[in-house]
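Throughout, protein chains are lettered first and strands after them, A, B, ... in sequence-line order, and every chain is numbered starting at 1.
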Amino acid sequence: MSENPYSTAVLAWYEDNARDLPWRAPDASPWAVLVSEIMLQQTPVVRVLPAWHAWLARWPTPDALAADAAGEAVRMWNRLGYPRRALNLHACAKAIVARHGGAVPTAHADLLALPGVGTYTAAAVASFAFGQRHAILDTNVRRVLARAETGIEYPPKTPAKAETRLAESLLPERPDVAARWGVAVMELGALVCTARSPKCADCPILDRCAWVLAGRPAYDGPPRRGQTYAGTDRQVRGRLLAVLRAAPGPVAKPALDAAWDEAVQRERALDALVADGLVDPLDDGQYALPG
DNA sequence: GACACGTGGAT
DNA sequence: TATCCAAGTGT
């Protein structure tokens, strides 16, 4: 069963410490898993939980969502962030109905072809929903491998080929074990091997961690620049979309103008929202969430 | 490959 | 208060 130096310890740790997340329940549908993965992109679990429950209560299947307007998805998305994910999920539902008879596809390539589904999400759904053998390489796993294998505190900003090869080399042979391994390493990164203040005392592979064995050297790579948010187009887009979400129907231009003082930036943000399909300019000059 | 893309809790 | 960070993707 120990197919890589860590698997036995990590799998045993997961057995005892895994969070009881609803999308991990045995009866969670592939659609429920896909919805969770899209929502979890760059978004903490605690904020996804209520949104996920509400979403699936309203749209328990791809057919249900595909039958509704895209704007309803954007409205339901509320303040989860990166609202184009709501559009992506709606487009996923449409594509799943059109191309796959309403069932979430099982093939990695078919998953990858869905809007908003990239390398990570396709692997995650194939693995977690369908028990297939795929390398899972999200921010948690990258951090665990950077520390345990490479001996550095943080992985490079953009994933390197070497990281993918490493993750694949550690993959257990049996698909069911590989799937379990993937979620277990992710959970280890989320709960123990955290970005700040890792709980090394609780780590099941502490005695094999290259970073710990090297004396936990401080990160010395290039500064990982954090993005300021106040005053950016992103903030303006958020303000504008919040006005649209709060309104029961189409909104007149002055209502949007009130959301941001600086006209040039406001118009640029609005144009971008329209270009992204998040806002629909009506013939009468009003604006609405997309039909 | 760098950058844009939301939001809010923790430190 | 400012910065960091959270199951990434598309361009």
Could you go over nucleotides 8-10 of chain C and give all protein N or O partners under 3.5 Å, atom names and distances?
| from | atom 1 | to | atom 2 | distance (Å) |
| --- | --- | --- | --- | --- |
| C/dG8 | OP1 | A/Thr139 | N | 3.4 |
| C/dG8 | OP2 | A/Gln42 | N | 3.0 |
| C/dG8 | OP2 | A/Gln42 | NE2 | 3.2 |
| C/dG8 | N7 | A/Gln42 | NE2 | 3.4 |
| C/dT9 | OP1 | A/Gly118 | N | 2.8 |
| C/dT9 | OP1 | A/Gly118 | O | 3.4 |
| C/dT9 | OP1 | A/Thr121 | N | 3.0 |
| C/dT9 | OP1 | A/Thr121 | OG1 | 2.8 |
| C/dT9 | OP2 | A/Tyr120 | N | 3.4 |
| C/dT9 | O2 | A/Arg84 | NH2 | 3.4 |
| C/dG10 | OP1 | A/Gly116 | N | 2.8 |

Tabulated below should be each protein N or O lying under 3.5 Å from an N or O of nucleotides 9-11 of chain B; please produce it.
none

If you apply the rule ring pair (Phe, Tyr, Trp, His ring centres under 6.0 Å), what do you find for A/Trp77 with A/Trp55, and how did you get there?
CA-CA 8 Å; A/Trp77 198 255; A/Trp55 191 278; 5.7 Å; yes
Walk me through it: do A/Leu21 and A/Val45 pass the test side chain to side chain contact (heavy atoms under 4.5 Å, CB included)?
CA-CA 9 Å; A/Leu21 301 175; A/Val45 166; 3.9 Å; yes
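Using a 4.0 Å cut-off on heavy atoms, the residues of residues 234-256 of chain A that approach DNA chain B are A/Arg234, A/Arg237, A/Gly238, A/Arg245, listed by number. Of the residues in residues 17-32 of chain A, those with a non-hydrogen atom less than 4.0 angstrom from any atom of DNA chain C are A/Arg19, A/Leu21, A/Trp23, A/Arg24.
A/Arg133 and A/Glu173 are joined by a salt bridge, as a carboxylate oxygen and a charged side-chain nitrogen come within less than 4.0 angstrom of each other. At a threshold of 4.0 Å, the pair A/Glu168-A/Arg165 does not count as salt-bridged, since none of the basic side-chain nitrogens sits closer than that to a carboxylate oxygen.
A distance-only check finds no donor-acceptor pair linking the side chain of A/Arg142 to the backbone of A/Pro155 [under 3.5 Å]. Checked by atom type and distance alone, the side chain of A/Tyr154 pairs as donor or acceptor with a backbone atom of A/Ala195 at under 3.5 Å. Between the side chain of A/Arg85 and the main chain of A/Gly81, a donor-acceptor pair closer than 3.5 Å is present.
The phosphate of C/dC4 (OP1 or OP2) has no side-chain N or O of A/Tyr229 nearer than 4.0 angstrom.
Atom CG of A/Asn78 is separated from atom P of B/dT7 by 9 Å (rounded to the nearest Å). Protein atom CG of A/Leu80 is 9 Å distant from nucleotide atom C1' of B/dT7, rounded to whole Å. Here C/dA7 presents its C1' atom at 15 Å from CH2 of A/Trp52, a figure rounded to the nearest Å. Atom CZ in A/Arg79 sits roughly 5 Å away from atom P in B/dT7 (whole-Å rounding). To the nearest angstrom, P of B/dA4 lies 16 Å from CG of A/Leu273. A straight line from CZ of A/Arg85 to P of B/dC5 spans 15 Å, rounded to a whole angstrom. If you measure from atom CG of A/Leu191 to atom P of C/dA6, you get 12 Å, rounded to the nearest angstrom. The separation between A/Trp77 atom CH2 and B/dC5 atom P is 17 Å, rounded to whole Å.
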In residues 177-192 of chain A, what donor-acceptor pairs under 3.5 Å come from side-chain atoms, sequence neighbours left out?
| from | atom 1 | to | atom 2 | distance (Å) |
| --- | --- | --- | --- | --- |
| A/Arg180 | NH2 | A/Glu15 | OE1 | 2.7 |
| A/Glu187 | OE1 | A/Arg19 | NE | 3.4 |
| A/Glu187 | OE1 | A/Arg19 | NH2 | 2.7 |
| A/Glu187 | OE1 | A/Arg24 | NH2 | 2.7 |
| A/Glu187 | OE2 | A/Arg19 | N | 2.8 |
| A/Glu187 | OE2 | A/Arg19 | NE | 3.0 |
| A/Glu187 | OE2 | A/Arg24 | NH1 | 3.1 |

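The number of heavy-atom neighbours closer than 6.0 Å to CG of A/Asp261, taken from other residues, nucleotides and ligands shown, is 12 or below.
Nucleotides B/dG6 and C/dT1 place their P atoms 26 Å apart, quoted to the nearest Å. For the P atoms, the distance linking C/dC4 with B/dC3 amounts to 16 Å, nearest Å. Taking atom C1' on both nucleotides, B/dG8 is separated from C/dG10 by 24 Å, rounded to a whole Å. Going from the P atom of C/dA7 to that of B/dT11 covers 15 Å, rounded to whole Å.
Listed by chain and number, the residues in a salt bridge (Lys or Arg N to Asp or Glu O under 4.0 Å) with A/Asp271 amount to none (sequence neighbours excluded).
Grouping the Ile, Leu, Val, Met, Phe, Trp and Tyr side chains by contacts below 4.5 angstrom, directly or via other members, places A/Leu166 apart from A/Val212. Both A/Val274 and A/Leu289 belong to a single network of hydrophobic side chains, linked directly or stepwise wherever heavy atoms of I, L, V, M, F, W or Y lie under 4.5 Å apart. Residues A/Leu56 and A/Val125 share a hydrophobic cluster, clusters being chains of Ile/Leu/Val/Met/Phe/Trp/Tyr side chains in contact below 4.5 Å.
Among the heavy atoms of the strands lying under 4.0 Å from A/Ala195 are primed sugar atoms or P, OP1, OP2 only; no base atom is included. When heavy atoms are screened at a 4.0 angstrom cut-off, A/Phe128 is found touching no nucleic acid atom at all.
Contact of the A/Leu278 side chain with the A/Arg237 side chain is registered, since non-hydrogen atoms from C-beta on lie closer than 4.5 Å. Side-chain contact between A/Leu270 and A/Leu256 is present, with heavy atoms from C-beta onward closer than 4.5 Å.
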